[in-house]
Amino acid sequence: MTQTHAVSQDPYVPEAIEAKWQARWAERHANEPDLDAPVRPFYNLMMFPYPSAEGLHVGNMFAFTGSDVFGRFKRLQGFDVFEPIGFDAFGIHSENYAIKVGIHPGELIPRNIENFRRQLRRIGGMFDWRQELATTDPRYYKWTQWLFLQLYQAGKAYQKMGSVNWCPECKTVLANEQVIAGFCERHGDTKVEQRTLEQWYFKITDYAERLLANLDDAGVMDWSSTTTTAQRNWIGRSEGADVDFPVEGHDPIRVFTTRPDTIFGATFMVLAPEHPLVATLTSDDQRDAVDQYLERVATEDLVSRRVGDREKTGVFTGGYAVNPATGKPIPVWLADYVLMEYGTGAIMAVPAHDERDLEFAETYGLDVVSVIDDKGRLKASGPFDGRPAVEALPDIIRWLEDKGSGTGTVLYRLYDWCISRQRYWGPPIPIIYCEDCGTVPVPEEDLPVLLPPLDDFRPDDSGVSPLARNEEWYLVPCPECGKPARRETDVSDTFLDSAWYYLRYPSAEFDDRPFDAGRTRTWCPVATYIGGNEHAVLHLLYSRFIAMVLHDLGFIDFEEPFVKFRAHGLIVKDGAKMSKSRGNIVIPDQFIETWGADTFRLYLMFLGPFQEGGDFRDEGISGPRRFLDRVWNLVTRVVSAPTPSDATPRSVLVKWHQTTHQVTHDLEGLKYNTAIAALMELLNTLREHDVADRSIVEDLILMLAPFCPHFAEECWERLGHDSSVFEASWPGWDERLLVEDEIEVVIQVNGKTRSRVAVPRDATEDAVFAAALADPTTLRFIDGKAVRKRIYVPGRLVNLVLG
RNA sequence: GCGAGCGUGGCGAAACUGGCAGACGCGCAGGACUUAGGAUCCUGUCCCGCAAGGGGUGCGGGUUCGAAUCCCGCCGUUCGCACCA
């Protein structure tokens with residue numbers, strides 16, 4: 001862009017000044033706070049990117065810029081801001097990308113990281129590059145493995161066989177959340193299958209109650225409510241009761257129900273096909289039917305069973321259980337709408353008051369007994385008849401407890417975190433299996449367990465990790481007895497890498513500890529964390545869980561890692577989601593080249609509310625650029641021919657102070673788009689009144705600095721300062737200058753705006769009404785009628801209600 | 001199906017605890033300066049109307065002196081969760 005935007009002989013040329021200031025920041029170590037002895041530490045964290053594509057896209061830029069604006073604002077407010085950056089470079093996304101382009105991730109990922117670094121420097125983020133980290137660095141993942149060992153030793157990591165989701169295309173196990181309605185999240189037309197594998201799990205369910213309770217504690221967690229809501233739903237707390245239904249000659253069947261108040265209406269029971277009692281309950285004459293049904297279910301995958309709108313199928317076991325409330329025998333059925341992983345894998349079916357049970361009962365002709373009338377009162381419920389069901393619920397639980405038939409319980413939907421991945425690109429799980437000693441953790445002094453270079457890193461459909469094909473790597477002596485043993489060949493989930501990275505940043509240079517106690521105390525928990533809401537449950541919940549474990553083990557003195565979390569919005573393009581298939585991806589580099597990083601930043605922050613996102617329209621960027629050109633010209637004018645401060649009209653002073661007030665509050669609330677609009681208004685006012693008042697323009701530059709750091713530095717220097725604009729302090733305002741001497745009050749007649757009058761700022765209510773009633777336009781609308789009621793909103797509005 | 005959010009000009013969007021709807025910007029129209037302008041500057045820009053005035057925040061009701069904002073019922077849209085007992 002070499003066109004002249006301004007009449008000035010010295011036009012604003014972004015590329016020159018951006019390069020100049022980036023070099024100068026690096027020289028001056030401008031973005032490197034004293035990590036050991038900061039005066040006012042402020043840990044400003046943004047979710048680190050995964051370098052799974054060749055470069056950062058506009059969505060990343062939007063998120064990083066929004067976080068950086070906040071960090072720079074805090075810096076100007078006098079905080080020692082620590083704003084680290086790193087790369088979440090392990091994991092399925094990176095690996096799949098490597099497979100796609102046919103380059104080994106060990107080669108490809110560092111190359112991508114280098115490009116990410118270049119882009120991040122170019123955008124002018126306030127990053128402390130000393131503390132950069134990559135989860136793929138053995139210096140990092142040594143401690144990820146250490147973390148696994150801490151959980152293992154604390155009894156929070158265990159192995160179990162489990163039905164897992166298997167994507168034939170990814171050739172790996174998927175987390176439930178990577179399965180979208182039965183299909184792989186990455187391969188929309190690939191059906192996920194069910195496989196059974198031995199896997200490592202973390203006992204996050206032990207922490208369900210604490211994870212939930214802290215969400216309600218605003219003193220501990222100041223988070224976007226959309227995020228806390230998502231976590232609450234994910235944890236899924238249900239209050240109810242475990243109830244035993246006796247079976248003659250067998251163990252009783254235990255069910256979980258949230259509706260013990262409807263127990264008198266339980267007319268049959270349903271077990272999950274995998275339920276352990278199925279075999280013993282089945283009668284001889286039903287054996288064939290049951291076996292057939294089990295066979296049929298087995299050919300279906302776990303995931304499509306979860307899809308809700310299918311017709312219900314099932315089979316009678318031939319067995320009966322006794323309803324402990326009515327004492328009557330009820331048939332026990334088998335159906336795949338009951339899931340083994342939730343509750344006890346068995347339910348009492350109350351078809352009169354549960355839609356799913358009703359559908360099943362109707363299909364198979366089972367009894368339906370209503371126990372609640374249309375007024376919500378119990379009936380056919382023995383001693384509880386006539387009582388409102390909601391109210392009787394706790395008494396029914398107590399009644400069941402007294403009979404020894406059940407107990408009130410709380411159940412969570414949350415399940416344990418499966419961290420095993422049958423993949424190559426991750427930290428090997430630090431476990432060794434010995435025939436004599438069993439499962440042996442790798443001794444801490446042997447960490448890291450290096451991920452070996454492996455030419456053939458692709459997963460195959462055998463279900464075992466690529467590392468299992470590398471005998472010389474996995475055959476090792478047992479650390480305990482020295483006999484030949486075998487390493488665990490699965491790697492851990494990427495979410496484990498990212499669950500603790502914020503702890504590593506302040507301590508990234510230490511190789512003898514994962515995080516330094518002093519540094520952690522100084523900087524953690526994180527003051528402000530900004531990231532995408534797509535991580536609302538997974539990353540953010542896992543990070544919270546890991547922090548709780550570390551807290552309980554005495555490693556850290558807080559249990560919530562992120563004091564304040566805000567989810568940013570998403571950028572769309574011309575009303576549609578950006579995607580490669582649509583071909584509407586915006587490459588940031590081109591825009592930065594054409595318009596400059598500062599203009600790009602300013603535009604991104606201007607195009608919509610940060611927490612909601614916005615629509616990226618190519619032409620829109622010219623507005624912010626025009627604005628910067630005008631500010632530039634104004635600065636030039638202040639340097640050459642300023643207007644004297646005492647000549648500045650009061651109305652302009654008021655606008656100045658109002659702007660400072662508004663921008664400060666808007667930045668605090670991440671309302672960047674309105675903050676920028678306010679700065680534009682201030683500039684418009686200065687231009688209208690032809691004012692080039694040095695004090696005002698300097699404040700304008702200061703307030704622009706978080707958005708356009710290079711531009712602001714350059715202007716600041718031209719204004720004669722020899723230190724960085726970020727060494728200056730954020731402007732304040734004078735409350736007395738927030739209001740004009742004379743204000744305009746709106747006059748409504750019968751609620752409709754009819755006129756407006758100018759009154760002194762401190763006019764009394766009576767004086768305002770007097771002015772209103774003296775206004776000719778107003779009188780015309782009153783038209784001689786009586787004023788029945790007068791409403792007065794101080795300083796704003798008068799409403800005259802006619803009789 | 002359940003949960004959360006969002007529906008405002010040609011477009012992106014503003015509007016504090018209910019109090020001037022459309023700030024700011026894009027685009028568009030007209031003008032100025034210009035050999036020229038896709039640069040810059042000025043003016044205008046929700047709709048109908050010459051005006052006075054009237055209408056207007058997805059649709060239909062309600063509360064209120066007053067509703068984009070609160071309540072109820074629809075419709076549309078986005079994002080989660082999805083047979084969770």
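Below, chains carry the letters A, B, ... as their sequence lines are ordered, and counting in each starts from 1. This one's a predicted model, so the numbers in the text were calculated from it and none came from an experiment. In what follows, every heavy atom counts, from backbone to side chain, and hydrogens, waters and symmetry copies are set aside.
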Q: Decide if the gap between the ring center of Phe591(A) and the ring center of Tyr603(A) is smaller than 6.0 angstrom.
A: no
**Q.** Selected nucleotide, minimal atom distance to Trp234(A) side chain, candidates G25(B), G66(B), C81(B)
**A.** C81(B)
Which atoms of nucleotides 54-56 of chain B (N or O only) lie under 3.5 Å from a protein N or O atom, and what are those distances?
from, atom 1, to, atom 2, distance (Å)
G54(B), OP1, Arg754(A), NH1, 3.4
G54(B), OP1, Arg754(A), NH2, 3.3
G54(B), OP2, Arg754(A), NH1, 2.9
G55(B), OP2, Lys752(A), NZ, 3.4

Q) Atom CZ of Arg232(A) to atom P of C2(B): distance rounded to whole Å? A) 21 Å
Q: Could you check which of A85(B), G19(B), G25(B) has an atom nearest any side-chain atom of Val793(A)?
A: G19(B)
Q: Please state how far atom CG in Asn750(A) lies from atom C1' in G53(B), giving the value in whole angstrom units.
A: 16 Å
**Q.** Salt bridge Arg790(A)-Glu765(A), side-chain N to carboxylate O under 4.0 Å
**A.** no
**Q.** Rounded C1' spacing from C33(B) to G18(B) in Å
**A.** 49 Å
Q | Phosphate-side-chain proximity, Ser238(A) and A85(B), N/O vs OP1/OP2 below 4.0 Å | A | yes
Q: Could you check if the base of G9(B) is syn or anti? Syn means the glycosidic torsion is within 90 degrees of 0.
A: syn
(Q) Rounded to whole Å, how long is the line connecting atom NE2 of His665(A) with atom P of U17(B)? (A) 13 Å
Q) Taking the side chain of Leu797(A) as heavy atoms from C-beta outward, which of C20(B), C24(B), A85(B) is closest to it? A) C20(B)
(Q) Any base atoms under 4.0 Å from Glu619(A), or only sugar-phosphate, or nothing? Heavy atoms, all strands. (A) sugar-phosphate
Q.
Would you say the ring centers of His661(A) and His665(A) fall short of 6.0 Å from each other?
A. yes
Q. In which stems does RNA chain B show up, taking only runs of three or more Watson-Crick or G-U wobble pairs whose two distances fall under 3.5 Å?
A. B:1-7 with B:75-81, B:10-12 with B:24-26, B:27-32 with B:40-45, B:46-48 with B:53-55, B:58-62 with B:70-74
Q) Is any side-chain nitrogen or oxygen of Thr753(A) closer than 4.0 Å to OP1 or OP2 of G66(B)? A) no
Q. Which of these nucleotides, G25(B), C65(B), G19(B), is closest to any side-chain atom of Lys789(A)?
A. C65(B)
Q: Could you tell me if the ring centre of Tyr12(A) sits under 6.0 Å from that of Phe711(A)?
A: yes
Q.
Is the phosphate of G66(B) approached by Arg790(A) (side-chain N or O, under 4.0 Å from OP1 or OP2)?
A. no
**Q.** Separation of Asp354(A) CG from Phe360(A) CZ (nearest 0.5 Å)
**A.** 12.5 Å
(Q) Counting only side-chain heavy atoms from C-beta out, which of G12(B), C26(B), C65(B) sits nearest to Leu607(A)? (A) G12(B)
Q. Is Asn673(A) near enough to A14(B) that one of its side-chain N or O atoms lies under 4.0 angstrom from OP1 or OP2?
A. yes
Q) Hey, which of these two, Arg687(A) or Arg788(A), hits RNA chain B nearer its 5' end, going by closest nucleotide? A) Arg687(A)
Q. Just how far is it from atom OG of Ser224(A) to atom NE2 of His568(A), taken to the nearest 0.5 Å?
A. 10.5 Å
Q | Distance below 4.0 Å between Arg630(A) side-chain N/O and C41(B) OP1 or OP2 | A | yes
What side-chain donor-acceptor pairs closer than 3.5 Å can you find for residues 673-684 of chain A, not counting sequence neighbours?
from, atom 1, to, atom 2, distance (Å)
Thr674(A), OG1, Asp666(A), OD2, 3.0
Thr674(A), OG1, Lys671(A), O, 3.1
Glu681(A), OE1, Lys655(A), NZ, 2.9
Asn684(A), ND2, Met680(A), O, 3.4

Q) Between atom CG in Leu679(A) and atom P in A14(B), what is the gap in whole Å? A) 16 Å
Q: Would you kindly give the CD-to-P distance between Glu688(A) and A23(B), to the nearest whole Å?
A: 14 Å
Q.
Quick check for you: among C20(B), C26(B), A82(B), whose closest atom lies nearest to any side-chain atom of Arg796(A)?
A. C20(B)
**Q.** Of Met348(A) and Phe616(A), the one whose closest RNA chain B nucleotide lies more 5'
**A.** Phe616(A)
Q: Counting heavy atoms from C-beta on, name the nucleotide in C24(B), C65(B), A85(B) closest to the side chain of Val801(A).
A: C65(B)
Q: Confirm from the modelled atom types if Glu355(A) and G1(B) form a donor-acceptor pair under 3.5 Å, side chain to base only.
A: no
Q: Answer yes when Asp357(A) and Lys312(A) have at least one side-chain N-carboxylate O distance shorter than 4.0 Å, and no when they do not.
A: no
Q.
In this structure, how many angstroms lie between the P atom of G66(B) and the CG atom of Leu802(A), rounded?
A. 12 Å
Q: Can you tell me the distance, in whole Å, between the OH atom of Tyr342(A) and the P atom of A82(B)?
A: 12 Å
Q | C59(B) to C50(B) separation - C1' atoms, rounded to the nearest Å | A | 35 Å
Q: Quickly work out the His689(A) NE2 to C42(B) P distance and round it to whole Å.
A: 14 Å
Q. Checking all strands, does Asn233(A) fall into the base, sugar-phosphate, or nothing category for heavy-atom contacts under 4.0 angstrom?
A. sugar-phosphate
Q: Would you mind telling me which of Leu281(A), Asp244(A), Thr344(A), Ile347(A) makes a side-chain contact (heavy atoms from CB on, under 4.5 Å) with Ile253(A)?
A: Leu281(A)
Q.
Categorize Val746(A) for me: base, sugar-phosphate, or nothing, with a 4.0 angstrom heavy-atom threshold over every strand shown.
A. base
Q.
Once you apply a heavy-atom cut-off of 4.0 Å, does Ser622(A) come out as touching a base, just sugar-phosphate, or nothing?
A. sugar-phosphate
Q) When you look at CD of Glu355(A), are more than 12 heavy atoms from neighbouring residues, nucleotides or ligands closer to it than 6.0 Å? A) no
Q: Tell me whether the guanidinium CZ or amine NZ of Arg413(A) lies under 6.0 angstrom from the six-membered ring centre of Trp234(A) and within 45° of its axis.
A: yes
Q. So which nucleotide from G19(B), A85(B), A23(B) ends up closest to the side chain of Ile791(A)?
A. G19(B)
Q | Euclidean distance for P, C75(B) against A14(B) (whole angstrom) | A | 28 Å
Q | Arg413(A) side chain, from C-beta outward: closest of A85(B), A82(B), G3(B) | A | A82(B)
Q: Counting heavy atoms from C-beta on, name the nucleotide in G12(B), C24(B), A14(B) closest to the side chain of Asp615(A).
A: G12(B)
Q: Report yes if at least one side-chain N or O of Arg626(A) is closer than 4.0 Å to OP1 or OP2 of U40(B); otherwise report no.
A: yes
Q: Look at Asp216(A) together with Arg232(A) and state whether they make a salt bridge at an N to O cut-off of under 4.0 Å.
A: yes
Q: Classify the nucleic acid contact of Asn684(A) as base, sugar-phosphate or nothing, counting any heavy atom under 4.0 Å across all strands shown.
A: sugar-phosphate
Q) Is it true that Trp417(A) and Tyr201(A) have ring centroids separated by less than 6.0 Å? A) no
